[in-house]
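Written below as structure tokens is the structure these notes are about.
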Amino acid sequence: MEHTHVVAGLTSPVEVVYDHWGVPHVRAHGADDAFVAQGFTAARDRLFQLDLWRRRGLGLLSEVLGERYLERDRAARLFLYRGDMEAEWSAYGEGVRRIAELFTTGINAYVDLTEREPGLLGPEFAELGFAPCRWAPEDLARIRSHGLYANVEKELARALTLRDLGPEAEDLRAVREPSGPLRVPEGLDLDVLHPEVLDVYRLACAPLDLSGAAPPRAPHEPDGSNNWVIGAQRTATGRPILANDPHRAVGDPALRYLTHLSCPEFDVIGAGEPALPGVSIGHNGHVAFGLTIFPIDQEDLYVYELHPDDPGRYRHRDGWRALERVTERVPVRGGPDREVRLEFTVHGPLVRSDPERNAAFAVRAAWLGPGMAPYLGSVQYMRARNGRDFRDALRVWGAPGENQVYADAEGFGWIAAGRVPVRPNWDGSLPVPGDGSHEWAGFHSGGDLPAVHRPEQGWFASANEYNTHRAPGWESFTVTRDWAAPLRYERIAEELSARADWTVEDACRLQGDHVSPVARAALTMLDGLPDTFPGTAQALELLGDGGWDGTMAVDLAQPTLFEHWFAHRLRPALLHERLLGLVGPDRVEAAVAALTPDPDRAADPRVCLRLLAEAVLSERGLALVARSLGEAHRDLAERLGPPGPAWHWGEHHFARLDHPLAALPDPPLWAQGRRVARPGSADTVDLTASDSSGRQYHGASFRIVVDVGSWDESVAVNAPGQSGDPRDPHRDDLTDLWARGRHFPLPYSREAVDRHRASTLHLVPATP
């Protein structure tokens, strides 16, 4: 099958070969045409997704969805980049502005094509009754709220717990690394804080929900992603292997988009976000590269004292400073434009003013500065010719913070990349006064951050855990105190250390590893439990006597019992016991509720494991644990009957990759995704975090494993499919592969690509 389109902005013809899995392989005569073609093909496959991304980021949803999105548009506009565009473009290095212009030219060329051929528009536009918009290059740089940050949420949660329940209770809520006491910044009034302080921030950063529902109280996504690189000395082929599976929200269309850009200047294949040029995870025939979040604390919540007679002024240094106010007009569908007022302090967007408490709150975000548009900097490192070039390109990386792993023919390594605010008199763990007493003093970046080249162990892995100490000789400073639990990393390290004959297939298997380190650790503590409580003996028989090793497989009953017990019976019981001595019987239930995440978010399991280890040392604790286990078994038996197929994990843990329009009151039939059983949990290497219904909302919808040096042997998967058009066969053709933990070939050489050619797109210039 072949198609030809005239594309404005091209200087020479471009051939795009689509393989059997929907990956476009762009063959251009020059880099400029490659980026134009990338924009065109991204729009061809993901136009509705791109349009919503732009409207959400720029605060233009009301224009097509109506007045109920006005507050969301206002919030988005507060968190746009508003600085000098010359400084912005120059911060990324030479050529990035030109690349943005070319990429958006390609998007706009496809939008133009849909006006000439309306049948090319996906059915979403007709369903909602609007047409796609055109892009400006600045859109790519000004939109920032799609990055992974959320440290300011952690500051607020920590401050509220500290104020209401005390420091010992805060130690039961979350784990800080490095450990140590919390120090409330001098001058901070904790009494003026309340959970609604960050509602506007949440509106700006939450994923779009077309049901119109309010965003969650806190970010829905836990920290996630795995990557590792294995040196040649530990593989069966004598070639390095790089693996990456970034964990993000799962849905339809996929967050990632695979592409292959081939031209004389570079030949790069892999994935990025469809709204951005270049490739952020993949290889270029010289260097393979992958990323996970390195959770730099790039945010602070500032708390201001308002002037008692004028809420438009706040105390700063030795006087009162006026809020900066900007008025903007927002187009609204079905009515006149509406004016919104945006307010800013010296530190950043004002997210709440509370005259009754004589307080106001602003978010200072490093990611609102020049050169901090998420992932835009990848267009520099994707052209590296070797590991040294790759490391040099990351010196200007801004946001979000990333664990970058890489491998070439000469070696491999890890680089922590990003900008870390220098806080001279605090560590960023708590909100701070906005009176000028707590100011940033520049940034740590580039060579200041930890890095490792050719580690002696022959491999390196990251899973968002506290890992700065793995860089020998690094001069330590506080990056953050909020890291992911090291459980995924420890499981990966256990496997990588166990052998020296790794293959691509083995790396794929490890990406799909479903052994729960939490279950494994908890099972070792069940010896000696009394079985006198109803249901306890049956539960122990199922969990302990059946030889279960903690594998969260879809056809087993043990994962269902374990997860229900650990999260819904054991954790509350252990917290109740510990808090009883801290807050007293009259406040203990409220305290347990305050320290328990809402049903749609996973808690850090390390706290519960620590409390479990302490409990089994006493008869009282053993009885408490045994009772909770029996209650969990009884809960399931009353609901599901005796253990059997109805208890299987796949019946209760599943994914359904819905299109955004599935949230409409009367959604089209094609918007609802298929339900597929999912193994794993929030704690396995194959992270499958789920909400209270058991539905997976987070995990690795994209995976890649690169055979460094034999590039055609690389593999990938991207669920539900490469296309976002509900009519396209590539919209949902990868879901089954993904659900089974399988990958497809990722051909790279011209010969290999041609062997897998399914269709061809010819793009020709508008003028000779």
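We're numbering straight along the sequence, starting at 1. Excluded from the calculations below are hydrogen atoms, water molecules and symmetry mates; all remaining heavy atoms, backbone and side chain alike, are included.
With values rounded to the nearest 0.5 angstrom, Arg731 atom CZ is found 13.5 Å from Asp45 atom CG. Note that CG of Asn718 and CG of Leu734 are 7.0 Å apart. Values are rounded to the nearest 0.5 Å. We find the CD1-CD distance between Ile99 and Gln38 to be 9.5 Å, quoted to the nearest 0.5 Å. Residue Leu47 holds its CG atom at 4.0 Å from CZ of Phe125, rounded to the nearest 0.5 Å. A distance of 6.0 Å separates CG of Leu376 from CH2 of Trp89, quoted to the nearest 0.5 Å. Between the CG atom in Leu350 and the CD atom in Glu324 there is a gap of 11.5 Å [rounded to 0.5 Å].
Inter-residue side-chain proximity for Arg419 and Ile296 is flagged as unmet; no heavy-atom pair is nearer than 4.5 Å. The shortest side-chain heavy-atom distance between Trp738 and Arg678 falls under the 4.5 Å cut-off. The closest side-chain heavy-atom distance from Asp337 to Val332 is not below 4.5 Å. Between Ile269 and Val279 the shortest side-chain heavy-atom distance does not fall below 4.5 Å. Here the side chains of Leu65 and Leu128 are in contact, with some heavy-atom distance below 4.5 Å. Taking 4.5 Å as the limit, every side-chain heavy atom of Trp21 sits out of range of all side-chain heavy atoms of Leu258. The closest side-chain heavy-atom distance from Leu50 to Trp135 is below 4.5 Å. Two residues are said to be in side-chain contact when any heavy atoms from C-beta on lie closer than 4.5 Å; Ser225 and Ser462 fail this criterion.
A salt bridge links Glu63 with Arg55: the closest approach of a Lys/Arg side-chain nitrogen to an acidic carboxylate oxygen falls below 4.0 angstrom. A salt bridge does not link Asp728 to Arg44: none of the charged nitrogens lies less than 4.0 Å from a carboxylate oxygen. At a threshold of 4.0 Å, the pair Glu153-Arg158 does not count as salt-bridged, since none of the basic side-chain nitrogens sits closer than that to a carboxylate oxygen. Under the 4.0 Å criterion applied to side-chain N and carboxylate O atoms, Glu88 and Arg144 are assigned as salt-bridge partners.
Closest approach of Ile704 and Gln511 over heavy atoms only: O-NE2, 3.2 Å. Taking every heavy atom of both residues into account, Pro726 and Glu124 meet most closely at CD-OE2, 3.4 Å. Between Gly673 and Arg656 the shortest heavy-atom distance is O-CG, 2.9 Å. Of all non-hydrogen atoms in Phe702 and Ile281, the two that sit nearest each other are CE2-CG2, 4.0 Å. Shortest non-hydrogen contact noted between Leu276 and Leu140 is CD2-O, 4.3 Å. In this structure, Pro132 and Thr114 approach most closely via the heavy-atom pair CG-OG1, 4.2 Å.
The aromatic ring centroids of Tyr406 and Tyr381 lie 6.0 Å or more from each other. Aromatic ring centres of Phe103 and Phe35: separated by at least 6.0 Å.
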### Query
Is there a salt bridge (Lys or Arg N to Asp or Glu O under 4.0 Å) between Glu155 and Arg481 once you walk through the steps?
CA-CA 10 Å; Glu155 289 181 21; Arg481 296 180 77 183; over 6 Å; no
#### Entry: Step-by-step side chain to side chain contact (heavy atoms under 4.5 Å, CB included) determination, Phe443 to Val420
CA-CA 5 Å; Phe443 294 93; Val420 184; 6.0 Å; no
### Task
Go through the steps for Ile415 and Leu449 under the test side chain to side chain contact (heavy atoms under 4.5 Å, CB included), then give the verdict.
CA-CA 8 Å; Ile415 305 166; Leu449 272 65; over 6 Å; no
### Task
I would like to know whether Asp32 and Arg98 meet side chain to side chain contact (heavy atoms under 4.5 Å, CB included); could you show each step before the answer?
CA-CA 8 Å; Asp32 285 5; Arg98 175 66 175 161; 3.1 Å; yes
### Query
For Trp367 and Glu299, what are the C-alpha separation, side-chain angles and deciding distance, and is it a side chain to side chain contact (heavy atoms under 4.5 Å, CB included)?
CA-CA 8 Å; Trp367 48 271; Glu299 298 176 330; 3.0 Å; yes
### Task
List the steps, then state whether salt bridge (Lys or Arg N to Asp or Glu O under 4.0 Å) holds for Asp209 with Arg72.
CA-CA 11 Å; Asp209 182 351; Arg72 179 157 190 148; over 6 Å; no
### Message
For His659 and Phe48: C-alpha separation, side-chain torsions, deciding distance, then whether ring pair (Phe, Tyr, Trp, His ring centres under 6.0 Å) applies.
### Response
CA-CA 11 Å; His659 189 279; Phe48 183 72; 5.7 Å; yes
### Task
Determine, step by step, whether Glu465 and Arg488 satisfy the salt bridge (Lys or Arg N to Asp or Glu O under 4.0 Å) criterion, reporting the C-alpha distance in whole Å, the side-chain angles of both residues, the deciding distance to 0.1 Å, and the verdict.
CA-CA 8 Å; Glu465 83 288 357; Arg488 282 180 289 115; over 6 Å; no
### Query
Run the ring pair (Phe, Tyr, Trp, His ring centres under 6.0 Å) check on Trp53 and His146 step by step: do they pass?
CA-CA 9 Å; Trp53 184 88; His146 59 292; 5.0 Å; yes
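Around the CZ atom of Arg338, the shell of radius 6.0 Å holds no more than 12 heavy atoms that belong to other residues, nucleotides or ligands.
The backbone N or O of Thr327 sits nowhere less than 3.5 Å from a side-chain atom of Glu339 that would complete a donor-acceptor pair. With Arg46 contributing its side chain and Ala254 its backbone, the two residues share a donor-acceptor pair below 3.5 Å. Side-chain atoms of Ser723 come within 3.5 Å of backbone atoms of Asp725 as a donor-acceptor pair (strictly under, hydrogens ignored). Under the 3.5 Å distance criterion, the side-chain polar atoms of Asn284 are matched with a main-chain donor or acceptor of Met382. In this structure, Arg56 contributes its side chain and Pro207 its backbone to no donor-acceptor pair below 3.5 Å. Side-chain N or O atoms of Asp73 include one that pairs as donor or acceptor with a backbone N or O of Ser62 at under 3.5 Å. Looking only at distances, no side-chain donor or acceptor of Asn403 sits under 3.5 Å from a matching main-chain atom of Ala416. Using modelled atom types, no side-chain atom of Asn227 and backbone atom of Ala243 make a donor-acceptor pair closer than 3.5 Å. Under the 3.5 Å distance criterion, the side-chain polar atoms of Asp51 are matched with a main-chain donor or acceptor of Cys133. Between the side chain of Asp448 and the backbone N or O of Ser445, at least one donor-acceptor pair lies under 3.5 Å.
For the side-chain hydrogen bond (donor to acceptor under 3.5 Å, both in side chains) criterion with Asp300, the lone passing option out of Arg423, His347, Arg364 is Arg423.
With sequence neighbours left out, the side chain to side chain donor-acceptor pair (under 3.5 Å) criterion links His260 to His25, Asp267.
Inspection of the Arg703 and Asn244 side chains reveals no N or O donor paired with an N or O acceptor under 3.5 Å. No side-chain donor from either of Thr684 and Asp686 sits under 3.5 Å from a side-chain acceptor of the other. Side-chain contact of Tyr489 with Asn467: a donor-acceptor pair under 3.5 Å is absent, judged by distance alone. No hydrogens or angles considered: a donor-acceptor pair under 3.5 Å links the side chains of Tyr375 and Glu402. Of the N and O atoms on the side chains of Trp483 and Asn464, not one donor lies less than 3.5 Å from an acceptor on the other residue.
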